[in-house]
Structure formats: C-alpha cells, structure tokens
Trainee: 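The structure is given below, and queries will be raised subsequently.
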Amino acid sequence: MIVAGAGSGKTKVLTTRIAHLMAKGVDSFNILALTFTNKAAAEMKERVEHILKSREARNLYIGTFHSVFARILRSEAHRIGYPNSFTIYDTDDAKSVVKAVTGELNLDVQHYKPNAVYNRISGAKNALVNAKEYMADYGIQQEDMRANRPMIGHIYEAYARRCFKNGAMDFDDLLFKFYELLKHHPEVLHKYQHKFKYIMIDEYQDTNPAQYEIIKLLGAAHENVCVVGDDAQSIYSFRGATIQNILQFQKDYEDAHVIKLEQNYRCTQNILAIANEVIKQNKGQIPKTLFTENETGEKIRLVRTMTDNDEGKFIADAIQELRLRNHYVNKDFAILYRTNAQSRSFEESLRRHSIPYTIYGGISFYQRKEIKDYIAYLRLIVNNQDEEALKRIINYPIRGIGKTSVDRAIMHANEQNISMWQVLESAAMFGFKAGTLQSIEEFVLMIRSFRSMLETKNAYDIAFHVGKQTSFVKELFNDKSTEGVQRYENVQELLNSIKEFVETPTDEENGEVGDKSLAAYLQQIVLLTDSDQKDPDADTVKLMTIHAAKGLEYPVVFVGGLEEGLFPNQMALNTREELEEERRLFYVAVTRAKGRLHLTYANTRYRFGQLVQSDASRFISEIPEQYVDQSFAGGGVKNQSASRWGQGSAFERMQRGFASGSPKEPEKTAVTSLIQNTRPKEVTHTASENFTPSDPATLQEGMRVEHQKFGFGTVLKLEGSAHNPVATIQFEQNGEKKIMLNYAKLMIV
DNA sequence: TTGCTTGACTTTTTT
DNA sequence: AGTCAAGCAA
C-alpha cells in the first residue's frame with residue numbers, strides 16, 4: 001500500500017511499477033490496473049508504452065472498475081441469466097425505471113422521489129446488499145421508517161426484477177453482478193484469479209465495499225495487490241466510498257508493506273502550507289505532513305466580490321493580466337468550483353473577454369436528447385427487452401402510438417409476464433385499435449429489419465441505415481433554428497464516433513479481438529465521461545468541479561464560490577464526517593495549483609433564480625494570514641463575514657423572506673389581470689343550419705371551409721403526418737389557426 | 001392523440 | 001433561471 005500525498009507522484013509510481021514488472025518478464029496479460037476515470041487509464045497506458053517503447057503494453061488490462069468489469073461481463077453474463085449483449089442503464093435510465101415501478105406499486109411518486117429512492121438503492125448495491133437483504137435488515141428498515149418511506153425495499157425489489165427482465169444493468173450492477181458472478185461461479189473466479197496475477201489500484205481511498213470485496217476475491221490466489229491512495233483526498237463517500245478500505249488493508253494482507261510518499265513535487269511552499277494547515281482541522285486523518293523543496297512562490301490571493309458576476313469578471317480580468325505579464329497561455333489556467341451550476345457566470349465573463357475555455361461536466365454529449373434518442377434505437381435493436389429504449393422511441397418520430405397505447409402495452413406485459421416488445425410483436429392479440437395496431441406492426445417490422453443486419457453489418461453501417469430509414473434525422477435536418485442545426489451536427493458527430501469506433505484497430509488480443517459489434521459500442525459509450533471526450537491539451541481555460549479536477553494540475557488555479565452554504569455545501573453540514581469531506585475537497589482544490597492560487601467568493605449570488613447573500617467560507621478563516629495576499633481586491637480577511645447591511649436591516653429581512661420560501665400567493669394586481677385579458681377574443685360563430693362535416697381527406701389547399709366555432713375561412717396549407725393531419729386556415733373573423741383534422745369538424749363550402 | 005400552457009422543482013459531488 | 005411533467009384544449 002502506497003499512501004501518497006497530493007502531488008507526490010502516485011501515478012508515476014504505478015506506471016513505473018507496471019513497466020518494471022514487464023521488464024522483469026511478467027506477461028502483460030497478467031496485469032490488471034484499475035483507475036477511476038478512463039482518462040487516467042489511457043494516460044497510464046500511454047506512459048507505460050512510453051517507458052517500454054513497445055506495443056506490448058496494449059495487452060494490459062487497464063481501465064476503470066466499471067469498464068473492466070463490464071468487459072468481462074460481456075463474455076460471462078449468460079452465467080447469471082443476462083444476455084451477453086446486456087444494456088447498461090445510465091443514471092437517467094435507472095431513475096426512469098425507478099419511477100415506473102414506483103408507480104406500478106401504487107406508491108406516490110411525489111413522496112417516493114425517484115432521485116432519493118435511486119440513491120438509496122445505489123447505496124445498498126455499493127454495500128453489496130440485495131433487495132431481500134435490504135428488506136430483512138433491521139437497521140435499514142428503521143432508517144426508511146424514520147424517513148417515512150418504508151416501501152423503498154419493495155421498490156428496490158421491483159426495480160431489480162425489472163432491470164433483469166429488461167436485460168439491463170445499472171452502473172452499480174456492473175460491480176454488484178460481477179461480485180455475484182465471482183462469488184457463485186468458482187470456475188469463473190478461478191479463471192480470473194489466474195489471469196490477473198498482479199493487481200494495481202489507483203485512488204484507493206475512493207473505493208467502495210463492493211469494489212473492495214471484488215479485489216479481495218480476485219487477489220486471493222496470488223496476493224499481489226498494490227494500491228495507491230491518499231486518505232486526505234477521499235471525496236467520494238457520497239457514492240459509497242469508504243476510507244475503511246485503506247485502514248483495513250494492512251489487516252487483510254498480513255505481510256503488506258506500507259510506503260509513505262510525503263514529498264510534493266507539484267506545489268509551491270505557500271500553497272502546500274495552506275493545504276496542510278486546513279487539512280489539520282480534520283480529526284479523522286492519517287497523520288502525515290507533506291513537504292516540498294519547491295520555491296516559496298507567490299502568496300495566495302484572496303478576493304471578495306459583490307456578486308457572482310463580479311467574481312466571473314475578476315477571474316477573466318486576472319487571466320488576461322497574468323497571460324500578458326507572465327507569458328502564461330490559456331491552458332495554464334483552471335477555474336474550479338463546488339457545483340456545476342456555478343460555471344455559468346464564469347462562462348459568461350470568459351466569453352465576454354474572448355478567452356477560449358472548455359467546460360467539463362454538466363450535460364455530456366451522450367446525454368443530449370437527440371443523441372439519446374438515436375442511441376435508443378440502437379439499444380432496442382441490440383436488446384429488444386430494453387423497455388427504456390423502447391418507450392423512448394416507440395413514438396419518436398410520431399407514428400400515432402401515444403401514451404394510452406404505451407400504457408396499455410406495459411399493462412399487458414406485466415400481466416402476462418412478458419416483455420413490452422413481445423406484446424408489440426403479437427399486438428393483434430391485445431385488442432389495440434385498428435389504426436394503432438397498424439402503426440405498431442409497421443414499427444415492429446422496421447425494428448426487425450434493423451435487427452437482421454446485426455449479424456452481417458458493423459455498428460456504423462447499422463447506425464447509418466437506422467438514421468436513413470427513420471424520419472427523425474430528416475426532421476432534425478429540416479429544423480433550421482440555431483438549436484436545430486446544432487442537434488443535427490450532434491447526430492453527425494455521433495455517426496462519426498461510431499465510424500471511428502469501427503475503424504480503430506482493437507488494442508486487446510484477449511479473445512474479444514475486433515469486437516466491433518453494436519453491443520460493444522453501446523456498452524463502451526455509456527461509461528464515457530465528459531473528461532474522456534475533451535482534449536486536455538487544447539489551449540483553453542478549463543472549467544470543472546473540484547471532483548472532476550482530482551488528479552489534475554495547473555500552473556494557475558482559481559477556486560470560486562468560497563461561501564458558507566455553497567462550499568462547504570449546505571447539504572454537507574449535518575455531520576462532522578460530511579464537513580470533513582468538504583474540507584478534503586477544499587484540500588484537493590488547493591493542491592491542484594502548481595504556482596498561483598486564487599480564492600474568490602461573492603457577497604451575493606443568484607441561486608434558484610433568487611439573490612442570496614452569503615458569508616465567507618469557514619475554510620478561508622482556517623488559512624493563516626501570513627500566506628495570504630489580501631491587497632488584491634475586495635479587502636481583508638477579518639470581519640468579512642459580518643453583514644454589510646447590519647442586523648435586521650430591511651435588506652436582510654427581505655433576504656430572509658425570499659430564502660425561507662414564503663408561500664407564494666400570486667396576488668392578482670390590476671396589471672397582471674390586464675395582461676391575462678389581452679388574449680385576442682375569439683369571435684363566436686354560429687354554424688349554418690345545414691352544417692355537415694366533410695371528409696377531411698378530401699380537403700385541398702385553397703378551399704373555402706366553414707368551422708363550427710371559427711366561421712368561414714380559406715385553407716392555406718395542409719401538413720402533419722398521415723396519422724395527424726393539420727390544416728392551416730385563414731379565418732375571416734378569427735385570423736390564422738392550425739386545425740387538427742382528426743378532431744375539428746369542417747365543412748367544405 | 002397531440003401540442004401548448006402552467007406550475008412545480010431544482011443544486012452537491014460521478015462511474 | 002431554466003427544465004420538466006401534468007393538465008387541458010383541439
């Protein structure tokens with residue numbers, strides 16, 4: 001176990017060890033290295049290759065826990081009842097399933113919020129607790145009772161059953177199911193124990209119990225496990241990571257060597273000093289003091305601004321000035337923050353200053369609607385049990401299979417205990433209306449025809465064909481609004497990425513060589529993160545959350561939003577443990593800086609669309625003044641937390657009023673009621689005595705028609721799909737209106 | 001069944 | 001502020 005402080009060269013140690021093992025003759029097939037991001041994995045692979053100057057490194061199993069296990073599950077999943085081409089649900093899919101089964105259990109979705117329930121389930125899985133155990137566990141049940149949500153266990157069970165039925169695993173399942181596979185299939189365990197004779201794990205402080213148990217199983221045969229971690233940088237406990245894994249390590253592996261790396265090669269003395277000072281406030285740490293032989297460096301700059309926009313402006317100004325005076329380039333700068341929502345003000349100010357930037361995190365490429373829709377088609381083709389994908393596209397583009405029909409299909413599926421797809425395949429047996437039935441049959445035929453390509457065509461050909469055959473890509477193309485053009489470009493980019501996937505030669509030669517199937521592609525992309533797709537060397541200022549910045553370093557770092565309630569975050573002020581994790585987060589943020597560090601905070605900031613006032617973060621007051629340059633902007637450290645408006649001022653009372661979310665009573669003032677009444681009044685028309693509706697199919701552009709309510713008019717345009725024809729009519733009394741011909745009654749005059 | 005309006009809700013961090 | 005789902009008119 002290597003306990004390595006920030007900037008002490010963890011990754012270098014790991015890569016060197018791998019290279020060393022291989023130089024000593026260890027077969028690269030026998031080495032497994034697990035990281036937390038694909039990016040870290042790619043980097044490690046590259047570095048090993050660089051050291052060895054050979055392509056031998058390509059046989060290494062280096063990847064994230066999730067991607068490595070997913071890959072193994074791709075060839076072993078059938079043993080635990082899953083199709084090998086199982087779908088991986090991302091968080092959105094998973095929450096959607098939670099919501100669906102909650103509803104089916106007749107529980108109130110308002111009360112059993114999918115988000116909260118999903119987090120609960122996720123937590124259980126990360127602790128290797130299955131639904132049955134969840135319901136039987138007294139402690140867990142007490143917790144749920146106290147939260148007044150006693151039925152979460154049942155939701156968990158239904159959720160797990162549904163995922164299984166859909167042939168789908170969520171992120172946590174990739175660990176949980178892999179664990180179960182090893183646990184219950186000795187021959188599989190044996191196989192991988194002997195394959196992975198050397199196991200290495202980066203960022204060990206962020207592993208959860210599931211990962212821990214898996215490693216214990218895999219490593220049991222050879223007991224050659226090398227972990228690298230830093231308890232002071234443990235920042236993922238919210239997803240089940242526990243520091244216990246580090247503390248427990250020596251007990252589990254009796255002859256484990258512990259090596260401490262305490263020299264920092266990254267930061268200036270000043271930066272390291274404040275990092276050490278702040279982290280000292282935490283009680284639950286392995287005591288160690290990082291030192292550095294680097295120069296003293298500049299003092300830390302602490303800046304207070306009036307508003308969040310001013311904060312953004314200050315940073316943009318500072319970047320401009322530092323670039324000019326010190327010959328920094330854009331990529332030397334990083335702006336770090338606690339929450340993704342903070343990126344907006346920085347983004348705006350950088351754009352105003354024409355400083356190129358890259359934002360990491362937020363909505364990733366694959367989460368965009370048009371991409372998810374496209375991918376849903378591909379998912380359904382590969383795995384037609386995938387109900388989430390099916391629901392997403394069954395009526396996109398609109399083909400007249402609406403909510404009622406979908407609900408009915410789901411009901412039948414549940415009743416018959418078959419998949420929704422199977423219901424659609426034999427739709428004739430379930431009494432759909434004739435029109436709907438025809439639409440369903442056409443849909444089923446189309447998906448089947450796509451599916452028949454799976455055997456013979458590669459991922460790109462299939463995807464291209466799908467785009468051509470369905471009209472939704474054409475729809476995107478025809479949308480010439482800015483967003484529409486962007487969406488179309490995104491779809492093109494998706495196709496490019498598939499093409500690239502197909503054409504890149506596979507690195508591994510582990511029996512899965514050249515797995516260019518659609519299933520392989522789909523399983524790969526869902527595990528990609530934003531950081532994996534963006535080029536870190538591009539000459540742009542980088543914006544990201546502190547979590548995303550872990551493992552990275554920049555010559556100049558700005559940490560924004562150092563305010564009580566934001567950082568430390570309001571949600572993390574309940575227990576000492578939570579607060580200490582926030583402090584570790586601050587530690588991580590600070591130690592990203594090599595040369596210069598700026599800490600900024602704003603007096604007021606918009607949150608939730610409302611102006612809130614906040615005090616300086618407590619972390620600021622934990623920094624000894626000697627390291628801080630306060631002359632910069634904004635003013636001194638002392639008394640900054642005191643309100644500028646004084647206690648009980650009108651402003652403060654106003655703030656409290658807003659903040660406490662006083663019940664909104666939309667008083668109808670004269671003005672609002674006036675506005676509401678400005679809608680053009682329809683001129684009522686009494687239908688002619690001989691009014692008899694004509695067949696809408698006979699309608700032609702330019703015809704004169706009568707509408708029962710709107711009166712006489714001329715047909716300007718006929719549009720809409722065959723299922724839902726729409727006519728634009730210029731009425732003599734009521735102006736231009738769009739009329740749905742399926743419902744409105746028109747008489748041709 | 002569809003498309004628009006309204007109101008509710010959001011923000012912690014991520015594989 | 002911005003997104004999303006439920007509710008309602010056509």
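In the text below, chain A, chain B and the rest are named by the order of the sequence lines, each starting its count at 1. Atoms considered below: every heavy atom in the structure, side chains included; atoms not considered: hydrogens, waters and symmetry mates. Only a predicted model underlies this, so the values are computations on that prediction, with no experimental measurement involved.
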Trainee: Counting only heavy atoms not in A/Lys39 (residues, nucleotides, ligands), do more than 12 fall under 6.0 Å from its NZ?
Mentor: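 Yes, the 6.0 Å shell around NZ holds more than 12 heavy atoms from other groups.
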Trainee: In terms of ring plane angle, is the pair A/Phe238 and A/His547 parallel, tilted or perpendicular, where the classes change at 30° and 60°?
Mentor: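 Plane angle over 60°, so perpendicular.
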Trainee: Give me, pair by pair, the N or O atoms of the protein and of nucleotides 3-8 of chain C that are less than 3.5 Å apart, along with how far apart they are.
Mentor:
none

Trainee: Among all residues two or more places apart in sequence or in another chain, which pass the side-chain hydrogen bond (donor to acceptor under 3.5 Å, both in side chains) test with A/Gln211?
Mentor: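 Expected list: none.
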Trainee: Rounded to whole angstrom, note down the P distance from C/dC4 over to B/dT13.
Mentor: 16 Å
Trainee: Side-chain donor-acceptor pair under 3.5 Å between A/Thr207 and A/Asn245, yes or no?
Mentor: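 A/Thr207 vs A/Asn245: donor-acceptor pair found between side chains.
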Trainee: Could you list the residues that satisfy ring-ring contact (aromatic ring centres under 6.0 Å, His included) with A/Tyr82, not counting sequence neighbours?
Mentor: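 Here the qualifying residues are A/Phe164.
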Trainee: Please identify each residue that fulfils side-chain hydrogen bond (donor to acceptor under 3.5 Å, both in side chains) with A/Asp310, with sequence neighbours left out.
Mentor: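 A/Asp310: side-chain hydrogen bond (donor to acceptor under 3.5 Å, both in side chains) contacts with A/Thr307.
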Trainee: Parallel, tilted or perpendicular: which describes the rings of A/Phe178 and A/Phe69, with under 30° parallel and over 60° perpendicular?
Mentor: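 Ring orientation of A/Phe178 relative to A/Phe69: parallel.
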Trainee: Residues two or more places apart in sequence or in another chain: which of them pass side chain to side chain contact (heavy atoms under 4.5 Å, CB included) with A/Asn115?
Mentor: A/Lys95, A/Asn119
Trainee: Using a 4.0 Å heavy-atom cut-off to protein, can you give one letter per nucleotide of nucleotides 10-15 of chain B, 5' to 3': B if the base is in contact, S if only the sugar-phosphate is, - if neither?
Mentor: BBBBBB
Trainee: Between C/dA5 and B/dT12, how far apart are the two C1' atoms, rounded to whole Å?
Mentor: 24 Å
